[in-house]
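Notes follow once the structure below has been shown.
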Amino acid sequence: MKMITAYIQPYKLNDVKKELFKAQVFKMSITNVLGCGQQGGYTEIYRGVDFEVNLLKKVRIDIAVNENFLDTAIEAILKGARTGEIGDGKIFVTNIEECIRIRSNDRGSEAIG
Amino acid sequence: MKMITAYIQPYKLNDVKKELFKAQVFKMSITNVLGCGQQGGYTEIYRGVDFEVNLLKKVRIDIAVNENFLDTAIEAILKGARTGEIGDGKIFVTNIEECIRIRSNDRGSEAIG
Amino acid sequence: MKMITAYIQPYKLNDVKKELFKAQVFKMSITNVLGCGQQGGYTEIYRGVDFEVNLLKKVRIDIAVNENFLDTAIEAILKGARTGEIGDGKIFVTNIEECIRIRSNDRGSEAIG
Amino acid sequence: MKKKIFIGIFIVFSCFSLFSYENEISDSVVEGSVVLADKTEEINIMWLFLCTVLVFFMQAGFSMLELGLSRSKNAGNIIMKNLMDFCIGSLVFFFIGYGIMFGTSVFGLFGKSKFFLMGSDPSEMSFWMFQVVFAATASTIVSGGVAERTKFVGYLIYSVVITGFIYPVIGHWIWGGGWLSRLGFYDFAGSGVVHLVGGLAALAGAVMIGPRKGKYTRVGDKIVVKAILGHNLPLASLGVFILWFGWFGFNCGSTLDFASSSISRVMLTTTLAGAAGAIIAMVITWVVSKKPDPSMSLNGALAGLVAITAGADVISPVMAIVVGLIGGALVVGSVELIDKVLHIDDPVGAVSVHGVNGLWGVVAVGLFSSDPDKLGLFYGGGFATLGIQLLGVVVILGWTLSTAFLLFFILKKASCLRVTEKEEMLGLDISEHGCESYSGFQIFTNM
Amino acid sequence: MKKKIFIGIFIVFSCFSLFSYENEISDSVVEGSVVLADKTEEINIMWLFLCTVLVFFMQAGFSMLELGLSRSKNAGNIIMKNLMDFCIGSLVFFFIGYGIMFGTSVFGLFGKSKFFLMGSDPSEMSFWMFQVVFAATASTIVSGGVAERTKFVGYLIYSVVITGFIYPVIGHWIWGGGWLSRLGFYDFAGSGVVHLVGGLAALAGAVMIGPRKGKYTRVGDKIVVKAILGHNLPLASLGVFILWFGWFGFNCGSTLDFASSSISRVMLTTTLAGAAGAIIAMVITWVVSKKPDPSMSLNGALAGLVAITAGADVISPVMAIVVGLIGGALVVGSVELIDKVLHIDDPVGAVSVHGVNGLWGVVAVGLFSSDPDKLGLFYGGGFATLGIQLLGVVVILGWTLSTAFLLFFILKKASCLRVTEKEEMLGLDISEHGCESYSGFQIFTNM
Amino acid sequence: MKKKIFIGIFIVFSCFSLFSYENEISDSVVEGSVVLADKTEEINIMWLFLCTVLVFFMQAGFSMLELGLSRSKNAGNIIMKNLMDFCIGSLVFFFIGYGIMFGTSVFGLFGKSKFFLMGSDPSEMSFWMFQVVFAATASTIVSGGVAERTKFVGYLIYSVVITGFIYPVIGHWIWGGGWLSRLGFYDFAGSGVVHLVGGLAALAGAVMIGPRKGKYTRVGDKIVVKAILGHNLPLASLGVFILWFGWFGFNCGSTLDFASSSISRVMLTTTLAGAAGAIIAMVITWVVSKKPDPSMSLNGALAGLVAITAGADVISPVMAIVVGLIGGALVVGSVELIDKVLHIDDPVGAVSVHGVNGLWGVVAVGLFSSDPDKLGLFYGGGFATLGIQLLGVVVILGWTLSTAFLLFFILKKASCLRVTEKEEMLGLDISEHGCESYSGFQIFTNM
Ligand SMILES: Nc1ncnc2c1ncn2[C@@H]1O[C@H](COP(=O)(O)OP(=O)(O)O)[C@@H](O)[C@H]1O
Ligand SMILES: Nc1ncnc2c1ncn2[C@@H]1O[C@H](COP(=O)(O)OP(=O)(O)O)[C@@H](O)[C@H]1O
Ligand SMILES: Nc1ncnc2c1ncn2[C@@H]1O[C@H](COP(=O)(O)OP(=O)(O)O)[C@@H](O)[C@H]1O
């Protein structure tokens with residue numbers, strides 16, 4: 001089982017979700033984060049004083065999948081999130097050792113979906 | 001060392017915390033997330049127009065534990081969070097390679113607790 | 001590739017960022033979390049009734065780095081976040097199996113930075 | 001002789017002309033004073049207009065205060081309750097409430113005319129406007145006491161009954177020429193009629209509905225009281241400022257007459273009592289819990305305002321400070337008592353602010369009144385004024401508690417009173433209104 | 001004889017004295033009434049002052065309402081629009097608008113004097129103040145309809161044109177002694193002049209600017225309508241309370257005369273219509289979507305208020321309830337129609353609240369007026385009043401839609417109308433104003 | 001003869017009756033005008049009531065503005081400061097402040113009677129009410145300048161001293177019949193007495209307390225200025241609307257007489273100056289930083305309002321626009337100067353808005369007054385009016401800065417002035433008041 005963690009542009013969330021649903025991935029958890037990356041941020045002026053916004057709003061999506069779904073899910077995210085511009089984000093994959101459905105105490109790959 | 005990441009119903013947080021404390025697990029980090037799962041969401045009507053809420057409020061708990069605490073902690077979470085209804089959530093376990101206490105630079109399993 | 005996850009005091013974020021920048025680490029994602037740790041919280045009184053605040057505001061920083069950057073990044077975080085007082089936080093390191101830059105579909109360690 | 005007759009006629013004529021002229025003059029003078037009287041009436045309508053809009057605005061104040069002191073997941077419900085108790089209340093008061101309160105009295109018990117404001121002149125209409133915002137105030141007080149767990153439909157029914165029956169009847173007794181007023185009971189601007197009635201109804205509601213889930217938990221054989229924090233202190237404070245702003249209309253307008261010499265005095269006593277209440281509440285929380293508590297200080301200000309309301313025109317400025325100080329102390333003490341000892345869950349402190357201090361305000365008249373017609377105990381009036389004020393308190397307690405408990409009891413039996421546990425946890429916004437009040441904001445709701 | 005002469009002289013003298021005295025008396029009476037008249041003017045200025053500040057405060061109400069019903073990322077832009085349409089509007093109205101509206105009429109078409117308030121006396125100045133807050137109201141209504149996507153500079157230009165030209169011209173026709181008023185068209189406090197004009201301009205703006213990104217998406221050959229939730233219902237509700245509070249000034253002040261016998265009646269009808277509008281909107285959403293919708297109920301209250309505005313002084317209290325009920329129903333229906341059928345994106349419902357109900361208010365005069373001079377259809381007036389009211393509607397529609405569409409068309413051509421897609425997604429706060437409205441708050445913005 | 005006698009008697013009688021009647025008439029006329037005079041006083045109390053409540057409501061405006069422009073973690077503290085400076089201030093002003101300001105003058109330096117409002121009639125009480133809300137305004141201005149780092153107890157002490165001593169003394173000099181007013185210094189509604197005093201006290205406070213942690217950081221030998229964003233722009237904008245709303249009472253009420261012919265003019269100049277100030281602030285930020293800045297535009301509106309306050313009744317409408325424009329420009333410039341050059345940390349711009357523009361307002365009278373008694377420089381008055389106005393400025397500067405610096409110096413020595421660094425980082429809500437202002441909201445606080 002793998003955990004896919006993707007950082008994407010907030011306004012791309014709907015597209016990503018749509019693509020994931022198409023790919024039969026229905027479960028995920030979403031967090032809003034502030035990202036610091038190549039995009040670099042921007043400078044605004046508040047009451048005459050510059051302030052640097054180098055933490056940009058991003059959305060983090062966590063999706064736990066079984067191995068066989070990994071590539072489909074990643075493809076879906078890429079499709080939904082890519083604009084080709086700096087700031088599109090990153091996808092990280094880590095290993096999950098155990099997964100438990102709280103409701104039923106199901107464990108392992110059957111608990112994931 | 002393992003990281004337990006649990007997604008639970010927000011209103012179960014207090015119960016889960018209580019169970020964890022009983023099980024001598026006192027350290028954790030909590031994030032609020034939006035979850036998309038079997039629960040499916042609901043449809044509401046805003047100014048005459050349907051809007052689908054398919055991102056439900058969930059709470060994410062991250063607990064780093066030493067292996068010997070793993071099962072106790074998971075049991076505690078299950079006990080505190082289970083209602084038996086859809087939406088109860090999931091627990092994921094991943095491996096932690098290193099743990100450092102910032103204050104003292106302690107490393108490894110002694111830094112966890 | 002490793003994921004560094006650090007929980008720090010919110011007001012130390014600027015210092016940590018400064019140290020990371022010095023160490024040539026420019027990419028990170030930041031989440032605000034509530035932490036429960038040794039610090040223990042405090043009790044306040046609201047309308048005559050005690051309320052225990054045992055979830056303290058913390059900031060979580062996620063930094064994906066290549067192995068060769070791991071120690072530098074950790075050092076930077078330690079330097080920026082340490083005050084020596086309880087509540088300084090923890091750093092966890094986990095393994096990343098894959099990293100993908102959404103914009104360009106770059107994979108692996110070149111995608112990280 | 002002709003001349004004499006002529007002279008005689010002339011004189012008679014001149015006298016007549018004098019006479020008729022006298023009439024003319026006095027007519028025109030009367031006319032002049034009629035014009036004057038006319039303007040007086042118009043100016044008075046303007047005065048009532050001014051005070052009415054101020055009191056109307058208190059609806060916003062109550063709304064913001066209740067919003068601020070409760071949780072975000074119920075904000076939309078609170079908005080609806082506060083909007084609807086005014087809207088429904090004003091129609092009900094138009095249809096029947098006003099008639100019961102101010103119609104021709106039947107044995108001093110209730111009024112029986114003026115329903116639908118039949119045959120009202122402008123003065124009466126402006127009087128109705130001033131009264132309807134008072135009725136709405138009494139009604140909306142309850143909203144805070146039963147917040148975060150009441151079924152919306154139950155609240156609507158409640159608000160029909162209070163503005164159509166409970167409030168107008170007691171109002172008739174005291175302000176509508178009914179029996180209590182005939183005995184000499186004095187409640188200038190409504191510490192009793194409005195606030196005590198509202199506060200008691202809130203008490204009945206809070207008791208019948210029971211506490212919010214998680215407020216009191218039994219651990220062993222001890223009940224642990226948990227604080228449930230309000231989600232928006234800035235809005236709560238705005239609410240208090242709005243209420244205070246409106247209170248000037250509430251109290252000063254109760255002279256009903258722009259030419260009353262009491263208006264300035266009422267402004268003064270109102271200000272001083274409110275200020276004193278806030279200060280003492282701050283001081284007490286500072287001493288007791290080591291930190292001056294904002295939400296309690298806000299309540300303290302309101303407590304002082306409620307307390308002075310009954311006697312704002314008969315209590316001296318210095319004594320108004322005393323009344324406010326006691327009011328502020330009472331609110332701190334009674335919030336703790338009601339919460340920690342009685343375990344009645346009153347999210348915004350409606351019972352303490354309006355009930356306890358409404359009562360205190362009525363009694364304060366009996367103690368501090370310096371009005372020669374109704375001297376208070378401390379001004380040499382003995383127990384005469386105080387006695388009748390205490391009687392009034394008993395009557396208000398009896399009437400309001402019995403009717404309000406009955407009402408909430410029936411609502412409970414009819415399953416219209418409380419939402420399910422699940423709905424409560426989810427928040428009334430979603431479960432009762434299908435809305436989100438702070439869409440997009442990340443809000444942590446673990447209770 | 002001497003005596004007789006003496007007597008004669010005496011009599012004549014006494015008659016003279018009587019006469020001269022009569023003059024004296026009547027003089028002093030005249031003097032008395034002169035003093036009175038003087039005060040009347042001053043009191044009237046005070047009356048207008050009171051109503052003006054109330055209407056001014058409606059700017060805050062509109063601002064809070066629009067803020068609450070749109071997304072957090074555009075809050076700063078909404079603040080700027082609402083602040084600036086008043087600021088710019090008041091200067092423009094001072095320079096030219098007022099002159100066009102109330103200057104000496106040129107063929108009943110527009111005024112041509114009083115620019116810069118040249119040669120105004122205090123009464124005129126207070127009248128200007130009362131008028132400028134009305135002009136600002138008309139102007140600010142549009143803000144809500146074009147919210148969340150309009151270029152700031154385009155909005156500023158729009159607000160110059162409406163307060164300097166569109167509004168004053170139609171205002172002249174109806175309130176400034178122009179041709180429509182001469183035909184007998186009646187719009188007491190501005191359902192037509194202010195609200196319908198504002199609502200139509202909002203319609204023109206919303207159509208020309210197009211919907212917010214993501215509001216309507218084509219799926220297959222069906223257009224899917226998405227709800228875009230407002231971010232702060234508490235502020236929206238505060239806005240409605242503020243608006244209602246101000247509305248008392250808006251409607252009652254439109255008597256322009258504190259001594260008018262209509263004031264009380266106007267307060268009453270205003271209250272009842274607003275209440276009825278809110279209730280019916282709640283009931284309809286409750287029936288249709290199973291849950292009573294707060295934001296629609298708030299709109300319902302405003303709808304009732306807009307609807308009664310044209311006839312607040314000529315419609316009976318009971319009929320005011322009917323007018324409000326219809327208004328509340330209209331707002332629910334037309335919001336759905338405009339959104340789901342016409343696919344016009346009006347974030348706060350400005351077209352429905354002000355446009356549709358402004359129109360309804362003007363027509364309602366023709367149906368329900370019980371004023372003997374302009375009896376409505378249901379009061380035996382036949383089609384006389386109704387006809388002229390309908391004519392007025394047509395004229396307002398024609399004038400406002402043509403000028404507003406032209407204006408927004410030109411703005412569009414000049415690329416001053418809409419921000420880029422990227423700016424819209426980022427939010428106007430950052431892209432147009434370089435600010436954050438809720439710094440620090442974690443806000444989830446995925447649209 | 002009998003007849004003649006009879007006639008004679010008759011005539012005499014008729015004359016007598018005429019005479020006595022004359023007396024009767026003139027009596028009743030006198031009576032009539034007595035009634036009239038009476039009403040005038042009552043109406044005036046009503047006028048002061050109206051303006052007083054408007055000015056009172058400015059407390060809410062200041063509170064919301066300060067809240068909005070500072071960080072969420074200090075919101076509860078700001079609420080407490082704004083509530084308490086009114087509450088404590090009004091008691092202190094009742095006890096001693098008013099007496100010092102308006103009591104019998106001792107050498108034109110301070111008053112020595114009327115403490116506790118001893119022996120006041122209704123008119124005096126209403127005048128006190130109007131004055132206390134002014135005093136509270138002066139006091140609350142400082143709150144914004146010292147926000148987010150001041151110890152609560154220190155702030156309370158400060159507010160006792162300003163309302164009990166600093167403000168009343170200078171107020172006596174200018175408004176209480178003291179020496180400055182005798183020299184002809186003119187400050188209509190308080191640009192000097194209220195705003196300049198408040199602004200200077202804020203300056204003293206901000207300097208003595210020092211900047212918020214993180215505001216200015218030394219990097220090498222350069223000081224880097226960091227913007228600390230306000231957390232709630234919508235509340236800040238609401239605050240400005242409330243302030244403007246109240247300002248009508250502030251300025252127009254300063255006529256102290258409903259029958260004053262200036263009221264309309266004052267409304268007009270107030271509106272135009274505020275509007276002009278907002279516009280120019282917007283334009284300047286637009287030009288300089290490419291984007292029109294909301295918070296600065298809000299400040300601009302206030303700047304215009306402050307600037308016109310001293311001369312609202314003697315400056316023509318067109319010149320009011322000029323005064324407002326300069327005021328708006330001054331606020332933008334001085335905010336930058338104070339922050340970037342002087343490195344004085346004034347979170348809400350209190351020094352710029354109230355101090356700089358208060359000064360400008362006082363000077364503007366010397367330049368633009370068209371009042372024949374005190375013609376301004378540009379109206380042919382030479383340096384006479386200007387000179388005395390400048391003298392007044394110097395006096396206010398001298399008095400306020402010296403007393404305020406001394407006060408804050410003592411507070412600092414007594415360790416009552418500033419919270420610890422840790423408390424500041426944690427936020428004053430938790431450290432000073434043990435409360436959370438936005439419980440549940442996820443707020444990102446990294447400063
Ligand atoms: N090494 C990293 N560690 C943690 N988060 C990262 C890392 N790299 C990127 N991110 C997240 O991804 C977001 C987008 O990164 P960015 O470099 O701007 O994208 P792109 O590579 O497409 O230009 C960042 O704002 C951050 O939240
Ligand atoms: N595969 C997954 N990946 C990420 N998060 C998940 C996954 N499955 C469940 N979750 C999280 O757990 C929550 C509960 O899941 P759900 O399927 O509704 O619970 P249950 O399985 O008990 O019905 C979801 O809202 C989501 O936040
Ligand atoms: N075992 C753990 N699992 C998850 N989060 C932890 C764990 N230990 C600490 N944390 C996080 O780190 C924060 C600081 O921990 P704490 O024990 O107070 O620090 P310190 O060890 O320096 O005293 C906590 O508030 C929590 O967010």
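In what follows, chains carry the letters A, B, and so on, assigned in the order in which the sequence lines appear, proteins first and then strands, with residues in each chain numbered from 1.
Using cut-offs of 30° and 60° on the angle between ring planes, the pair F/F56 and D/W244 is tilted.
Using a 4.5 Å cut-off between heavy atoms, F/F49 touches chain D through backbone and side chain atoms alike. Of the two parts of F/S431, only the backbone, made up of N, CA, C and O, holds a non-hydrogen atom closer than 4.5 Å to a non-hydrogen atom of chain D. Both the backbone and the side chain of F/L83 come within less than 4.5 Å of a heavy atom in chain D. Contacts of D/I242 with chain F are made by both backbone and side-chain atoms, with heavy-atom separations under 4.5 Å. If you measure heavy-atom distances from F/I443 to chain D, you find no contacts under 4.5 Å at all. For F/V55, no part sits under 4.5 Å from any heavy atom of chain D, backbone or side chain. Contact annotation for F/F94: only side-chain heavy atoms (C-beta onward) come within less than 4.5 Å of a heavy atom of chain D. Residue F/I88 touches chain D through both its backbone and its side chain, counting heavy-atom pairs closer than 4.5 Å. For F/I78, no part lies under 4.5 angstrom from a heavy atom of chain D. For F/S63, the part lying near chain D is the side chain, with the backbone staying farther off; criterion is any non-hydrogen pair under 4.5 Å. Only the side chain of F/F95 comes within contact range of chain D, judged by heavy atoms closer than 4.5 Å. Only the side chain of F/L238 comes within contact range of chain D, with at least one heavy atom under 4.5 Å from a heavy atom of that chain.
In this structure, D/A276 and F/L91 approach most closely via the heavy-atom pair CA-CD1, 4.5 Å. Between D/S264 and F/S123, the shortest heavy-atom contact is OG-N, 4.5 Å. The shortest non-hydrogen separation linking D/S297 to F/M80 is OG-CE, 3.1 Å. Of all the heavy atoms in D/P292 and F/H433, the pair that sits closest is O-ND1, 2.9 Å. When all heavy atoms are compared, the tightest approach of D/P234 to F/A75 is CG-CB, 4.2 Å. Across all non-hydrogen atoms, the minimal contact from D/S260 to F/E42 is O-OE1, 4.0 Å.
Chain F forms more heavy-atom pairs under 4.5 Å with one residue of D/C252, D/P317, D/S72 than with any other, namely D/C252. With respect to chain F, the highest number of heavy-atom pairs below 4.5 Å among D/L233, D/L54, D/L50 belongs to D/L233. Note: D/H231 leads D/M282, D/Q442, D/H231 in heavy-atom pairs under 4.5 Å with chain F. Ranked by heavy-atom pairs shorter than 4.5 Å toward chain F, the options D/I263, D/T271, D/V240 are led by D/T271. Options F/F57, F/F116, F/W128 differ in how many heavy-atom pairs under 4.5 Å they form with chain D, and the most are formed by F/F57.
The structure places CG of F/L235 at 7.5 Å from CG of D/N232, a figure rounded to the nearest 0.5 Å. Note that OG of D/S261 is 10.0 Å distant from CD of F/E41, once rounded to the nearest 0.5 Å. The distance from atom CD1 of D/I280 to atom SG of F/C87, rounded to the nearest 0.5 Å, is 12.0 Å. How far CG of F/L67 is from OG of D/S237: 5.5 Å, rounded to the nearest 0.5 Å. For the atom pair CG of D/L229 and OG of F/S437, the computed distance is 10.0 Å after rounding to the nearest 0.5 Å. Interatomic distance, D/S262 OG to F/I45 CD1, rounded to the nearest 0.5 Å: 10.0 Å.
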Original post:
Could you go step by step and tell me if F/Y438 and D/F441 meet the side chain to side chain contact (heavy atoms under 4.5 Å, CB included) rule?
Top reply: CA-CA 12 Å; F/Y438 294 99; D/F441 283 91; over 6 Å; no
**OP:** Take F/K39 and D/K39 through the test side chain to side chain contact (heavy atoms under 4.5 Å, CB included) and record every step on the way to the result.
**Re:** CA-CA 10 Å; F/K39 299 293 174 198; D/K39 299 292 176 197; over 6 Å; no
Original post:
Given the rule in the side chain to side chain contact (heavy atoms under 4.5 Å, CB included) test, do D/W286 and F/V153 qualify, once you have shown the distances and angles that lead to the verdict?
Top reply: CA-CA 11 Å; D/W286 209 336; F/V153 68; 4.0 Å; yes
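Distance alone, capped at 3.5 Å, is enough to place a donor-acceptor pair between the D/K291 side chain and the F/I430 backbone.
D/F241 and F/F86 have their aromatic ring centers separated by at least 6.0 angstrom.
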